[in-house]
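Encoded as structure tokens, the structure appears first; notes follow it.
Residue numbers start from 1 in every chain, and the chains themselves are labelled A, B, ... in the order their sequence lines are given, proteins ahead of strands.
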Amino acid sequence: MIVALDTETFYSDEVSLKVQGIYQYLRHPQADLYLLSVVTDTGLEWAGHPKDFDWSQIVGEDVTWLSHNAAFDSMVVERMQELGHAPEDIVIKEWVCTADMAAALGYPRSLKEACQQMLGVELSKTVRDNMKGKRWGDMDIFFQQDVIKYAIDDSRYCLRLYQEHGDKFSKFERDISYLTRSMCSEGVPLDKEGIDRAITTLQTEIWEAKINIPWADREAILSPGAIRDECKKVGIWAPNSFAKDDPEAEKWEDEFHLQHAWIKAVRSYRRANKHVATLQAMRSRLREDGTMPYSLKYFGAHTGRDSGDAGINLQNLPKGEILGVDVRSMIRAPKGKTFVICDLAQIEPRVLHWLAGDTKMLQYIREIPDLYEAQARAWGLYSKDGALKDTDKALRHQIKQLALGLGYGMGAKKFASVSDVEPAEAERLVKMYRSKNPLITKLWRDLEDNLRSTAQDPNDTDAHFPLPSGRTLTYRKVSVDHGGLTAMIPRQGQMMRLGFWGGVICENLVQAVARDVFMDCCLRIAKLNETLYCPIIMRVHDEVVCQTIDDGTADLALEAITHIMSTPPEWAEGLPLGAEGSLSQCYKK
DNA sequence: CGCTGCTGCGCG
DNA sequence: AAAGCGCGCAGCAGCG
């Protein structure tokens, strides 16, 4: 039996997933978990208060549950169990998230968008919008009927999405989807006192910054207009952009920051404010047991990478100390436990050479542990005996920059600006990179040719790029606009037409394959738990943070995890992986 | 007031 | 002919 299940809960501007995080939201004094809707493929359609439902109807060995956003609904059911509105002993064979499924198949996640794209059905969210700010008791009988109808509809469409597309949602992807949910609901351990101290430190920074900003009392502190006005007032020129990495802004800052304290103060204010918000979110989401559950969008990027969600993003915590505060270190193992932190070394350039079929480079990479030295030797730029990192740091740095950007078609102009070399030198380096890597430039051309011919295919203008893991990267409705190629991909919750060319497709493929390699490792680490318990508590694209059950198993776990991450998946024969692991009490760079 | 888009900044 | 890419969040500005 297949069971689609949806829940409706009170939400408002002040009480929401985004404000409190899922755990505190469901336990907020104003929370109301008022409706459950259940639709099965055997004809059952039910909606009402969860305590009135006969849960035994949908429990059993051969039952698959579905929800559109199972991460949410599973937490709601857990809360219903705490409240005595659902039985404690529910056993579920599999709980599939159809939002995750939509994302994995290359569509937007929301039920509305997914139904439009995958079923050709237009859904109205008017009822849901009107539910905002209302508890069940606040609704009149007519609106309650609307809500019940709406909730049943949601479950019907959730079921239909699965019935029509479920066969394309592979075991591999379902397992990752499930692993993501369980990881996030377990959460990460936090250093509560450390967070409080860090917040105080940053608030002092904010206060000091404000003292140095003349317009702080009358205008928005970060207003570009206010900053320009101040420049005019004191008689100095202003850059077009104030971005930290903008060369013009850098010059402006260098020239004037000594005479005008507000220049540095604005930057400090912006950064302190940003990070204090992160710390406050962490603080407010902390549970009694010292852990913080969090959200992660499985397949948040169209390439398959995870992305952050619901107010706090553990994928972009700053590295090292900023304004006297190390945000990462607030994620701290409790006494007696240890983190195993392990990442895939330079996964993307390795995948790039592998996809390009550059066997000569792959051989160098296998023999030389330092990827950049391997590249330097393969390209004939280095032939001495010693390790490059000991003998020529400057060359190694340059190779690193080349490997990072030039593999995806970056031009000389852009390279000059990001790597700080003269335009003529950038020109030479770009030419050199391309001449030394003919297989990579061929890959760009092949991918672009593929896209271009798809645009002209009268039967199917969707471009499908099969990946080694078995999944497919899809660009829909490819067309030629003004000579350039465009296609539809999911972006910001909806299908969006964007421009593409060989370099971009190449980068997307590399990112997607790197993601599959990484997730394959994660699944193998999860399997390790059967013999050596050390669950993953965080994933950051190519890095896992695992937590040992006790210090005694830390060395064993480190060895096992590093071994797993150095071993390519079955479907990636010949891909040379490297892994770097360490033990730590806290999350760090 | 709410929505959308942009900038700035953090990560891989 | 020429082109690095993928995200989220805070704050601000402009629009209706």
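Residue A/Ile347 is out of contact with every strand shown, counting any heavy-atom pair closer than 4.0 Å. Nucleic acid contact class of A/Arg491 (heavy atoms, under 4.0 Å, all strands): sugar-phosphate only. Here A/Glu448 lies in heavy-atom contact (under 4.0 Å) with a base. Using a 4.0 Å heavy-atom distance criterion, A/Gly407 is classed as making no nucleic acid contact. At the heavy-atom level, A/Gly308 lies under 4.0 Å from the strands shown only through sugar-phosphate atoms. Residue contacts shown for A/Asp309 are limited to sugar-phosphate atoms, with no base heavy atom under 4.0 Å away. Within 4.0 Å of A/Asn273, counting heavy atoms only, lie sugar-phosphate atoms of the nucleic acid but no base atom.
Proximity of a side-chain donor or acceptor of A/Asn437 to a complementary backbone N or O of A/Ile440 within less than 3.5 Å is not detected. Proximity of a side-chain donor or acceptor of A/Glu448 to a complementary backbone N or O of A/Gly502 within less than 3.5 Å is detected. Judged purely by atom type and a 3.5 angstrom limit, A/Arg218 uses its side chain to pair as donor or acceptor with the backbone of A/Pro214. With hydrogens and angles disregarded, a donor-acceptor distance shorter than 3.5 Å links the side chain of A/His68 to the backbone of A/Arg109. Distance alone, capped at 3.5 Å, is enough to place a donor-acceptor pair between the A/Asp462 side chain and the A/Lys477 backbone.
The footprint of chain A on DNA chain C, defined by a heavy-atom cutoff below 4.0 Å, extends from C/dA1 to C/dA13.
Electrostatic pairing of A/Lys389 and A/Asp370 does not count as a salt bridge here, judged by no charged N lying under 4.0 Å from a carboxylate O. Taking the charged nitrogens against the carboxylate oxygens, A/Glu348 and A/Arg305 do have a contact shorter than 4.0 Å, which makes a salt bridge.
With the nearest nucleotide of DNA chain C identified for both A/Gly483 and A/Ile489, A/Gly483 has the one nearer the 5' end.
Identified under the salt bridge (Lys or Arg N to Asp or Glu O under 4.0 Å) test for residues 489-518 of chain A, with sequence neighbours left out: A/Glu173-A/Arg515, A/Arg471-A/Asp516.
Looking only at atom types and distance, the side chain of A/Arg181 has a donor-acceptor partner in the side chain of A/Ser177 under 3.5 Å away.
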- Query: Tell me, for nucleotides 7-12 of chain B in 5' to 3' order, what letter each nucleotide earns: B for a base near a protein heavy atom under 4.0 Å, S for only sugar-phosphate near one, - for neither?
  - Reply: -SBBSB
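Under the Watson-Crick or G-U wobble criterion, with both distances below 3.5 Å, C/dA3 is left unpaired in every strand shown.
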